[in-house]
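Input: a single structure, listed below in structure tokens.
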Amino acid sequence: MTQNFLDFEQPIAELEAKIQELRYVNHDSDVNVSDEIARLQKRSREITESIFSSLSAWQIAQVARHTMRPYTLDYITRIFTDFEELHGDRAFADDPAVVAGLARLDGRPVAVVGHQKGRDVKERLHRNYGMPRPEGYRKALRIMLLAERFRLPVLTFIDTPGAYPGIGAEERGQSEAIARNLEVMSQLRTPIISTVIGEGGSGGALAIGVGDRVIMLEYSTYSVISPEGCASILWKSSDKAEEAAEAMGITAPRLKEAGVVDEIVAEPAGGAHRDYDAVATNVKAEIVARLEELTALELQDLLTRRQQRLRAFGFFQ
Amino acid sequence: MSWLKKLLPSRIKTNGATRRTVPEGIWTKCAACNAVLYRAELARNIEVCPKCSHHMHIGARARLEQFLDESPREEIGAEIRPVDKYRFRDSRKYRERLAQAQKKTGETDAMVAIAGRVKAIPIVACAFEFDFMGGSMGSVVGERFALATEYSVSRRVPLVCFSASGGARMQEGIVSLMQMAKTSAALGVLRRERLPYISVLTDPTTGGVSASLAMLGDINIAEPNALIGFTGPRVIEQTVRQTLPEGFQRAEFLLEHGNVDMIVDRRDLRDKIASLLSMLIAQKASMH
């Protein structure tokens with residue numbers, strides 16, 4: 001896999017380029033450079049770990065948006081078996097920015113809903129960069145209500161820049177679609193676990209993110225507005241995105257402190273895109289553990305706790 | 001500068017901006033038809049232009065004052081105050097913005113909730129104060145709204161909310177986003193308890209408020225020409241690079257697309273809401 005290095009990863013990129021060069025030498029000549037390669041690889045790992053141990057909020061936002069970052073379907077194929085994708089909101093269209101369906105988690109049937117971004121240009125357009133329209137939220141709602149009727153837990157994966165700001169989306173009631181999901185999810189009679197795997201962009205993220213437990217990947221973000229959007233409104237300049245990212249507190253530790261996120265899942269050094277299997281294993285372990293807790297609860301108890309959780313959000317005196 | 005302006009002594013000079021405004025307090029001008037209006041008369045007309053029926057912004061307290069019967073009245077959650085948990089600072093400190101908004105509006109945050117009656121029907125009514133940081137929804141707004149729904153459930157009375165908000169309050173970070181979940185969950189309880197909720201969307205109702213409590217009415221009512229939508233028109237225009245259709249995201253547009261039940265003139269809201277509620281609560285006893 002070719003790595004697309006971010007600006008702040010330049011020292012890593014340079015080392016990796018050197019390693020590549022040496023590998024060519026290794027092929028072409030009798031000179032044994034494997035010791036040197038091993039030394040450089042070790043150095044590369046160290047630098048990666050050191051850079052990633054102290055990322056700023058803005059740098060984390062860039063990792064969360066990395067074009068190689070694993071998306072919902074990458075997790076679905078690694079965490080579940082028998083995934084059956086279901087399509088359409090039964091009213092207007094099927095929104096490819098949201099995937100939903102049934103699957104098995106270690107044999108146990110569950111409902112899965114997630115935002116889906118595209119990898120190449122064509123798929124990115126098809127998936128609308130992971131920005132759902134109202135029909136995406138209504139499809140999600142349909143699958144969640146289906147899950148409720150058949151007592152299947154709902155597992156959602158959040159990764160969107162936000163709901164799509166388009167003319168048609170407004171005509172078809174973007175606001176209502178999001179609001180309805182929030183209300184229905186708050187009372188859905190089955191466990192809900194949401195995992196933020198990349199960008200948790202505002203209402204578009206929350207619309208599938210109301211649950212009993214919220215898990216967040218180490219280098220993912222969750223915010224009320226994008227740092228660029230916040231900067232352009234409050235600082236009157238999108239150049240201040242870095243400051244806005246810091247000020248809003250969009251990273252996992254800050255969200256855990258605010259009680260919005262329960263668990264943080266570690267990513268491999270360099271980010272989830274360095275090792276899809278490793279991060280999917282971590283995510284799965286966390287989901288399985290949380291689901292065990294939730295299924296042990298009486299349904300009424302589960303619903304009361306969810307209601308209390310939502311009721312408690314806020315800081316005031 | 002023209003030669004004439006140079007010749008004029010400075011105290012006679014006027015600039016364009018000040019010339020157009022009318023002295024504050026006695027007279028005001030309608031932004032839509034430019035009619036010069038007597039301030040007191042406009043207030044009596046609940047901030048609706050008597051000449052062209054343009055609906056101007058109205059403060060939360062003035063709104064409820066006019067909407068509710070004179071007594072009894074009990075304010076809900078007035079003791080709750082905003083805090084700057086994360087010492088948020090953009091070009092200015094959040095604390096300063098709060099202090100300024102409090103001074104400007106005389107309110108402690110962007111929502112007022114009052115239990116009272118409308119034409120003798122006991123209800124709880126909430127209203128957003130748009131002049132308080134654009135009516136943005138932070139922790140205090142969310143908590144007051146939640147308390148209002150709980151009051152409504154405990155007394156088994158309907159809820160009415162007048163929205164006027166740009167959306168979530170960014171200065172409170174993720175917690176402001178979570179107020180969408182909090183208020184929607186509170187309305188879920190109200191719905192389960194079979195208590196009516198009428199949402200009145202006024203100019204403007206956008207973002208996180210539109211995508212939570214404002215769109216969840218059993219009946220959604222819009223004021224004429226109110227801007228209502230999730231994303232603001234400027235951002236949409238920049239994204240789709242198209243000229244937006246005439247009247248896009250205005251109340252009439254939402255009615256046409258099936259997102260609100262009706263458009264009601266502010267001067268008729270009290271009668272209309274009392275009439276609707278009286279029908280919804282009529283069968284309460286026999287249904288149980």
Side-chain angles (χ1 to χ4, degrees), chain A residues 134 162-167 169-187 200 202-207 209-210 222-225 229-231 233-236 240 243-244 247-250 254-255 258-261 306-307 309-317, chain B residues 80-83 85-86 88-91 109 138-140 142-143 146 167-189 191-192 206-208 210-216 228-231 235-236 238-240 242 244-245 248-249 253 257-259:
Chain A
Y164 183 62
I167 295 172
E170 293 289 325
E171 286 175 336
R172 298 190 295 281
Q174 187 78 280
S175 293
E176 193 275 345
I178 294 171
R180 188 68 52 201
N181 281 16
L182 303 181
E183 187 193 323
V184 173
M185 290 182 88
S186 74
Q187 296 201 13
S202 189
L206 185 64
V210 177
Y222 201 176
S223 60
V224 59
I225 184 172
C230 178
I233 296 172
L234 292 183
W235 278 266
K236 315 282 177 213
K240 301 282 184 184
E243 279 173 59
M248 283 196 297
I250 63 177
R254 278 280 292 268
L255 291 159
V260 171
V261 163
R306 188 187 304 157
Q307 201 65 236
R309 174 196 177 93
L310 298 169
R311 181 69 183 77
F313 286 138
F315 296 112
F316 47 81
Q317 42 176 250
Chain B
I80 299 162
R81 296 284 186 282
V83 293
K85 170 89 176 163
Y86 293 113
F88 189 95
R89 176 183 199 148
D90 48 78
S91 50
D109 209 304
S139 298
V140 173
E143 181 67 13
R169 187 173 296 168
M170 288 172 284
Q171 288 87 350
E172 291 189 17
I174 195 72
V175 172
S176 68
L177 183 70
M178 293 304 141
Q179 302 311 307
M180 293 171 65
K182 176 170 173 168
T183 55
S184 302
L187 287 172
V189 176
R191 205 182 303 278
R192 198 181 55 207
T206 59
S210 167
S212 61
L213 61 97
M215 271 294 166
L216 289 173
I228 301 163
F230 181 59
T231 315
V235 175
I236 295 179
Q238 284 163 4
T239 309
V240 301
Q242 265 175 271
L244 300 175
F248 182 64
Q249 293 183 318
F253 174 95
H257 286 93
N259 290 309

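In what follows, chains carry the letters A, B, and so on, assigned in the order in which the sequence lines appear, proteins first and then strands, with residues in each chain numbered from 1.
Between the OG atom of B/Ser184 and the CD atom of B/Gln179 there is a distance of 10.5 Å, given to the nearest 0.5 Å. Of the inter-residue distances, the one linking B/Phe253 atom CZ with A/Glu171 atom CD reads 4.0 Å to the nearest 0.5 angstrom. Interatomic distance, B/Met178 CE to A/Leu182 CG, rounded to the nearest 0.5 Å: 9.5 Å. Residue A/Arg172 holds its CZ atom at 10.5 Å from CD of A/Glu170, rounded to the nearest 0.5 Å. Annotation: the span from B/Asp109 atom CG to A/Phe316 atom CZ amounts to 11.0 Å, rounded to 0.5 Å.
Heavy-atom distances place the side chain of A/Gln307, and not its backbone, under 4.5 Å from chain B. Proximity to chain B is absent for every atom of A/Arg306, based on heavy atoms less than 4.5 angstrom apart. Interface remark: B/Gln238 contributes no atoms to any contact with chain A (heavy atom separation under 4.5 Å). Proximity to chain B (any heavy atom under 4.5 Å) is restricted, for A/Ser223, to the backbone atoms N, CA, C and O. At a 4.5 Å heavy-atom cutoff, the contact between B/Lys85 and chain A is made by side-chain atoms alone. Within the 4.5 angstrom heavy-atom criterion, no atom of A/Ile250 approaches chain B. Only the side chain of A/Leu206 comes within less than 4.5 Å of a heavy atom in chain B; its backbone stays farther off. When heavy atoms are compared at a cutoff of 4.5 Å, A/Leu234 approaches chain B by way of both its backbone and its side chain. Interface remark: B/Arg169 contributes no atoms to any contact with chain A (heavy atom separation under 4.5 Å).
Between chain B and the options A/Glu176, A/Arg254, A/Lys240, the largest number of non-hydrogen pairs under 4.5 Å is found for A/Arg254. For the options A/Gly229, A/Gly166, A/Ser175, heavy-atom pairs under 4.5 Å to chain B are most numerous at A/Ser175. For the set B/Val240, B/Ile236, B/Leu213, the entry with the most heavy-atom pairs within less than 4.5 Å of chain A is B/Ile236. Per-residue heavy-atom pair counts under 4.5 Å with chain A were compared for B/Ser176, B/Gly173, B/Gly188, and the maximum is reached by B/Gly188. Ranked by heavy-atom pairs shorter than 4.5 Å toward chain A, the options B/Val189, B/Ile228, B/Val235, B/Leu244 are led by B/Val189. For the set A/Gln174, A/Arg309, A/Lys236, A/Arg180, the entry with the most heavy-atom pairs within less than 4.5 Å of chain B is A/Arg180. With chain B as partner, the option from A/Gln187, A/Met185, A/Glu183 having the largest number of non-hydrogen pairs under 4.5 angstrom is A/Glu183. The candidate from B/Gln242, B/Glu143, B/Glu172, B/Gln249 with the greatest count of non-hydrogen atom pairs under 4.5 Å with chain A is B/Glu143. Counting heavy-atom pairs under 4.5 Å between each of A/Ile178, A/Val210, A/Ile167, A/Leu310 and chain B puts A/Ile167 at the top.
Using a 4.5 Å cut-off on side-chain heavy atoms (C-beta onward), B/Leu177 and A/Val260 make no contact. Residues B/Thr183 and A/Phe313 fail the side-chain proximity criterion, which asks for heavy atoms closer than 4.5 Å. Counting only heavy atoms from C-beta outward, the side chains of A/Tyr164 and A/Pro134 never approach each other to under 4.5 Å.
Checked for salt-bridge contact, B/Arg89 and A/Glu243 miss the test: no charged N lies under 4.0 Å from a carboxylate O.
For B/Thr239, there are no side-chain hydrogen bond (donor to acceptor under 3.5 Å, both in side chains) partners two or more places apart in sequence or in a different chain. Partners of B/Arg81 according to the salt bridge (charged side-chain N to carboxylate O under 4.0 Å, His left out) rule, which considers only residues two or more places apart in sequence or in another chain, do not exist here.
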